[in-house]
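Heads up, the thing below is written out as structure tokens.
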Amino acid sequence: MAASEFLTTLKRTHTCGQLRAGDVGNDVVLMGWVDSRRDHGGRVFIDLRDRDGITQVVFGPDYDAAAHALAGELRGEFCIGVRGKVISRGTNINPKIPTGTIELEATSLEIFSRSETPPFQIEDGIDTAEAIRLKHRDLDLRRPELQKNFIVRSKIYQSVRNTLTEERFLELETPFMGKYTPGGARNFLVPSRLNPHHFYALAESPQLYKQLFMVAGMDRYFQIVRCFRDEDLRQDRQPEFTQIDLELSFVVEEDVQRVVEKLIVALWKDAIGADITAPFQRMTYDEAMSKYGVDKPDLRFDLPLGDITEAAGTSGFKVFDDAVAAGGIVKALRIPAPGGEKLSRKDLDGLTDFAKPYGVRGVAYVRVNEGGAWQGAPAKATSESARTAINTRLGAVAGDVILFVADKAKTANTTMGAIRLEMGRRLDLIQKDAWRFLWVTDFPLFERGDAGNWVASHHPFTSPKLEDLPHLESDPGRVRARAYDLVLNGNEIAGGSIRIHQAEVQARAFRALGLSDDEARAKFGFLLEAFKYGPPPHGGIAFGLDRLAMLLCGADSLRDVIAFPKTQKGTDLMTEAPVEIQQKQLDELHITIKK
RNA sequence: GGGGUGGUAGUUAAGUCGGUUAUAACGCCGGCCUGUCACGCCGGAGGCCGCGGGUUCGAGUCCCGUCCACCCCGCCA
């Protein structure tokens with residue numbers, strides 16, 4: 001085949017999104033894919049598409065007979081090069097595209113490659129099953145709406161690198177293949193051929209390495225890094241995902257937060273041109289849980305929860321009284337008049353089904369009438385004094401609806417938190433274009449594990465608050481952590497903490513977690529060893545970059561901002577990974593498969 | 001581990017109480033067309049009704065199993 005004149009001598013002069021009225025009269029060369037064709041016989045119109053946009057190309061026998069003849073063969077997704085003269089479209093403009101005032105009068109055409117009919121339309125807003133899109137991801141990624149997402153994603157990388165480099169951070173890499181450490185997310189394991197029966201673990205995060213960088217005197221580190229977690233997938237969770245990971249020496253919480261705020265402001269500006277104001281709002285974990293039922297409240301709408309345990313405990317309504325007697329709480333959500341009236345009896349009864357997955361038996365509700373009287377299941381049994389106390393506590397007035405959940409504290413909060421979000425959506429209370437950032441602070445250092453033991457709620461290297469240190473042994477549940485999460489519109493987008501840098505405090509933390517010195521040494525010995533040699537005070541944070549990208553792009557799913565994502569079962573529909581492997585490979589790895 | 005939704009042409013969907021030849025739109029193929037831009041007009045092709053079994057004279061439809069995708073709970077220090 002002869003060398004392409006288009007590639008060797010003509011060369012591309014513009015992209016398909018560049019040409020404007022000012023270019024009229026110029027001889028240009030475009031390359032791209034046939035987005036659509038409209039063949040009128042004597043005139044063939046082609047919408048030529050590349051990453052940058054769409055330009056209309058016109059073929060006619062009077063422009064170039066050979067090109068016109070060849071254009072008759074063009075079909076969707078043919079990859080072509082076109083040379084032609086930019087001409088004005090006069091009054092016949094297409095306002096839908098930026099290049100709509102001009103078009104290309106084609107004088108030469110080369111078909112680089114032909115295309116079979118694609119399995120779905122290459123256009124925005126398609127309704128095609130995601131499985132089919134994922135199987136042909138290369139074609140899916142041709143669609144402008146996905147390309148836009150990856151353009152934003154690329155800007156995120158650049159912005160992060162610029163800002164952090166300016167702030168004296170070093171971009172450093174850490175191993176993916178490391179040592180398995182128990183606790184936390186399940187690791188993917190990689191067999192070691194050279195070391196029979198031994199396995200690497202893929203890093204679930206670079207946590208320990210970045211602390212070692214601090215010991216090493218790197219001062220400020222960041223990395224845009226892949227992490228791997230073998231957990232069940234969700235709309236916003238993939239088995240491999242990307243973090244923006246940072247760590248700083250000689251800092252306290254506010255220092256980390258200040259850097260992060262600077263990073264976010266720059267990021268929003270660079271990626272989507274939005275202006276964000278810092279500093280962000282702050283809220284303690286306790287306040288978040290009690291007012292919103294979650295540790296990542298969506299503040300784009302109000303609708304706070306109320307704790308009415310005290311008033312409800314002796315209300316006379318058995319559901320409330322029993323829950324409180326069993327050590328639980330009663331949580332209420334007051335939906336003010338205009339919204340409350342919109343909720344039908346069916347809507348309200350339906351909340352019980354909505355809430356069931358969270359482990360509660362039901363959701364009670366009342367409508368508040370004139371004079372504060374209640375109408376609904378709890379109304380009759382509830383004493384007047386309790387009712388008045390609850391109304392007062394919630395500020396309930398006629399026309400309101402009050403929802404109740406009575407259960408163990410965690411269950412009640414989680415359930416009500418979910419109901420609050422659902423109500424926000426259903427009643428259309430959410431301010432759609434708002435960016436509500438929030439720091440959530442003062443997390444508990446420990447929480448109860450399945451066996452009633454204490455487990456680290458962040459990770460075991462998180463520093464306790466100094467004033468809570470005295471309770472570390474006597475009342476671990478009371479100890480707060482120097483941890484902070486950054487929340488955006490109800491999504492946790494980053495989490496971090498100030499770390500322990502004193503061996504003696506670390507030893508106490510391990511003991512509180514039920515780890516003996518020997519066990520601690522076996523699991524984290526290399527870190528403890530490093531900490532013998534003058535570790536600096538340090539702290540850091542890690543962002544879920546994919547989630548950030550999802551929010552910045554306004555995408556519904558992480559899969560729309562990850563180029564080649566996995567399905568919910570962790571498979572790749574395009575490559576069909578994971579696959580079974582041959583006995584020979586297994587033998588090399590000294591692995592026997594259990595059938 | 002548990003709960004839910006879905007799977008019919010290339011794509012998206014319809015398909016009644018189990019009953020004749022499984023429909024439509026878009027896409028695709030052929031023809032016509034010099035101003036379209038969701039081009040238009042005429043004609044045409046295209047089906048393992050996810051897969052396996054069962055019930056029945058007869059199954060896209062009913063039953064059992066299974067696979068796949070998605071959503072949720074648990075899980076994600």
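All chains are named by letter (A, B, ...) in the order of the sequence lines, taking the proteins before the strands, and each is independently numbered beginning at 1.
For A:S497 against A:A483, the heavy-atom pair with the smallest separation is CB-CA, 3.8 Å. The nearest pair of heavy atoms linking A:H501 to A:F531 is CA-CE2, 4.2 Å.
For B:A9, there is no paired nucleotide, since no Watson-Crick or G-U wobble pair has both relevant distances below 3.5 Å. When both pairing distances are held under 3.5 Å, B:C41 makes a Watson-Crick or G-U pair with B:G31. Pair check for B:U56 finds none; no Watson-Crick or G-U wobble contact set falls under 3.5 Å. Look at B:U66: its Watson-Crick or wobble partner, with both distances under 3.5 angstrom, is B:G50. Using Watson-Crick or G-U wobble geometry with both donor-acceptor distances under 3.5 Å, B:U20 finds no partner in any strand shown.
OP1 or OP2 of B:C67 has not a single side-chain nitrogen or oxygen of A:K569 nearer than 4.0 Å.
Nearest to the side-chain atoms of A:H40 among the listed nucleotides B:G27, B:C70, B:U34 stands B:U34. When each of B:C70, B:U36, B:G27 is scored by its nearest atom to the side-chain atoms of A:E103, the top-ranked nucleotide is B:U36. Here the side chain of A:E231 is nearest to one of B:C73, B:C28, B:C76, namely B:C76. The side chain of A:Q235 sits closest to B:C71 out of B:C37, B:C71, B:U34. Counting only heavy atoms from C-beta on, A:A131 has its side chain closest to B:A69 among B:U34, B:A69, B:C76. Checking B:C71, B:C75, B:U36 against every side-chain atom of A:R559, the shortest atom distance belongs to B:C71.
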Please list each protein N or O that sits under 3.5 Å from an N or O in nucleotides 1-5 of chain B, with the distance.
residue : atom : partner : partner atom : Å
B:G1    : O6   : A:D232  : OD2          : 3.4

Give each protein N/O atom lying under 3.5 Å from an N/O atom of nucleotides 8-10 of chain B, with the pair distance.
residue : atom : partner : partner atom : Å
B:G10   : O2'  : A:P119  : O            : 2.8

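If you check distances only, the side chain of A:R89 does reach the base of B:U36 with a donor-acceptor pair under 3.5 Å. With hydrogens and angles ignored, a donor-acceptor pair closer than 3.5 Å exists between the side chain of A:R237 and the base of B:C76. Between the base of B:G27 and the side chain of A:E123 there is no donor-acceptor pair shorter than 3.5 Å. The base of B:C76 lies outside donor-acceptor range of the side chain of A:D230, with no N or O pair under 3.5 Å.
The separation between A:R448 atom CZ and B:G74 atom C1' is 20 Å, rounded to whole Å. Going from atom CG of A:L558 over to atom P of B:C70 covers 13 Å, rounded to whole Å. When rounded to the nearest whole Å, the span between CZ of A:R114 and C1' of B:C29 equals 15 Å. With rounding to whole Å, A:R38 atom CZ is found 7 Å from B:C37 atom P. As a whole-Å value, the separation of A:D35 CG from B:A38 P is 11 Å. In this entry the distance linking CZ of A:R133 with P of B:U11 reads 14 Å, nearest Å. At whole-Å resolution of the value, CD in A:E105 and C1' in B:G35 are 13 Å apart. Rounded to whole Å, atom C1' of B:C71 lies 12 Å from atom CZ of A:R425.
If you check residues 41-54 of chain A against RNA chain B, the residues with a heavy atom closer than 4.0 Å are A:G41, A:G42, A:R43, A:F45, listed by number.
Salt bridge present: A:R43 and A:D62 bring a charged side-chain N and a carboxylate O closer than 4.0 Å. Remark: A:R143 does not engage A:E123 in a salt bridge, criterion side-chain N to carboxylate O under 4.0 Å. A:K523 has no carboxylate O lying under 4.0 Å from a charged side-chain N of A:E519, or vice versa, which leaves the two without a salt bridge. Salt-bridge check for A:R114 with A:E73: passed, with a basic side-chain N closer than 4.0 Å to an acidic carboxylate O. Checked for salt-bridge contact, A:K148 and A:E145 miss the test: no charged N lies under 4.0 Å from a carboxylate O. Taking the charged nitrogens against the carboxylate oxygens, A:R559 and A:E130 do have a contact shorter than 4.0 Å, which makes a salt bridge.
As rounded to the nearest Å, B:C39 and B:C26 have C1' atoms that lie 15 Å from one another. Between B:G47 and B:A24, the distance separating the two P atoms is 15 Å to the nearest Å.
Within 6.0 Å of atom CZ in A:R361, 12 or fewer heavy atoms from other residues, nucleotides or ligands are found, so the atom counts as exposed in its surroundings. Within a 6.0 Å sphere centred on CZ of A:R426, heavy atoms belonging to other residues, nucleotides or ligands number more than 12.
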